[in-house]
Structure formats: structure tokens, C-alpha cells
Amino acid sequence: AVWQTQLMAEALGDLGAGDAPGAGRHDTTRAVPDLETARKRCNEAVNANPSHALGWLYLGTVNAFMGEGKEAVDATRRAMELSPLDPQRYYFESLGATAELAAQQYENAERLARSSLVLHRMHSSTWRALTISLVAQDRMDEAREALLAHPRWTGEFLRLILPLLQSQEVRFLAPLGAALGRQEQR
């Protein structure tokens, strides 16, 4: 199972694994991961071991980033069912929130993100998922508060990432860019 997890993480690049337990700081210069290879390796892992919770979690993450919301939600929910008492539950819930966003289930995404933040307040991906879920529910004031609540997301950092969030390559993050843009105009 360890080699399967390593192969999946390599294929994912920094997609879901970048904020994984024990991972390094978030690198905004990284290349876009090879999603097809990641999906192939995740499928190999869960086919070889259907109880591989991380395999299901990463498969759901790949599906989310490929815009396959239903498949993403199914896979991440399966991961959470397989590992209900995982010591890294915040991570499962954070990536589950990302899957719910891909499925446009914004209230579910918000619920998972808030639950994840109770367990780990410093997890950047979770703050991102929470903010996007709030923007999608047209709760802009709460979204701005969520943006400003993360200790590492200083005004300077937010100004640096705004152009990235508005680019075509990461259009799934457009709601976050919208919230930042409105914050910049204040």
C-alpha cells in the first residue's frame, strides 16, 4: 500500500497532496499535475485494494479537479467511510469539501470545510474550499471574513495570488478570485 500511495502522490504533484500531513509549504510555481496518470494510478490502487482509503480520497480529488463532481463525491465519501476514525480526518474532510464543490453541493462543501477547520485551523486548502462554498452561496461578507481569517493569507499574499486565481488554468477557483477582487476594491 505504501508504494501505491507514493505513486499516486507523485502523479498528483501538489494537487491534493501538497497540503497533506507532512508535506512541505505550498509552492505556487509548481507545474499542473498529470491528472490522467493520477487517475490511472488511483484506480490501480483501489482496484488492487478496495479498502485503500487514501486511494479513494485521491481518486476523488482527481475527479474533482477534472470537473467530475458526482464521481468525486462518491470516491471521497467512500474514503471517509473506510477510515472514519483517521487521525488525519481534517484532510479527508478538506478534500471531501473540494469534491462537493465540484458537484456544486455548496452547503455540503461548507459543512465539511468547517468541520475540517475545527480539527486543523491552518490548512490552506480547507480555507479555500470554505471561501468558495460561501461565494457560491452568495455570502460574500462571510467569504471575505474566511479569507482574512487565515493567518498566512496576508493582504500582500492575496494580491500576489489574485492574477493566478483569475487565469484559465484554475477556473475552478474563479469564485475565490471573485471574493479577492471584491476585497481588493474595498
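In this text the structure is predicted, and so the values were computed from the model without any measurement.
- Nearest heavy atom pair, residue Y91 against residue L54, reads CE2-CD2, 4.4 Å.
- With sequence neighbours left out, S94 forms a side chain to side chain contact (heavy atoms under 4.5 Å, CB included) with S116, H123, S125, T126.
- Taking all atoms of both residues into account, the shortest heavy-atom contact from A99 to A64 is CA-CB, 3.9 Å.
- Interatomic distance, OH of Y58 versus CG of L95, reported as 7.5 Å (0.5 Å rounding).
- A salt bridge does not link R39 to E71: none of the charged side-chain nitrogens sits closer than 4.0 Å to a carboxylate oxygen.
- Linking Ile, Leu, Val, Met, Phe, Trp and Tyr residues whenever their side-chain heavy atoms come within less than 4.5 Å leaves L112 and V73 in two separate clusters.
- Under the side-chain contact (heavy atoms from CB on, under 4.5 Å) rule, W56 has a single partner from D74, T61, V46, which is V46.
- The shortest non-hydrogen separation linking L35 to F65 is CD1-O, 4.1 Å.
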Name the atoms and distances for all side-chain donor-acceptor pairs under 3.5 Å in residues 78-87, with sequence neighbours left out.
from, atom 1, to, atom 2, distance (Å)
S83, OG, D86, OD2, 2.8
D86, OD1, Q88, N, 2.7

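- Residues G60 and T76 come closest through the heavy atom pair CA-CG2, 3.8 Å.
- Two residues are said to be in side-chain contact when any heavy atoms from C-beta on lie closer than 4.5 Å; M140 and R144 meet this criterion.
- In this view, R139 and E110, R114, L134, Q137, E142 satisfy the side chain to side chain contact (heavy atoms under 4.5 Å, CB included) rule, not counting sequence neighbours.
- Note that CG of L130 and CG of L101 are 9.5 Å apart. Values are rounded to the nearest 0.5 Å.
- The two residues A143 and T131 have their closest heavy-atom pair at O-CG2, 3.7 Å.
- In this structure, A146 and W127 approach most closely via the heavy-atom pair O-CE3, 3.3 Å.
- Atom OG of S133 and atom CD of E100 lie 10.5 Å apart (nearest 0.5 Å).
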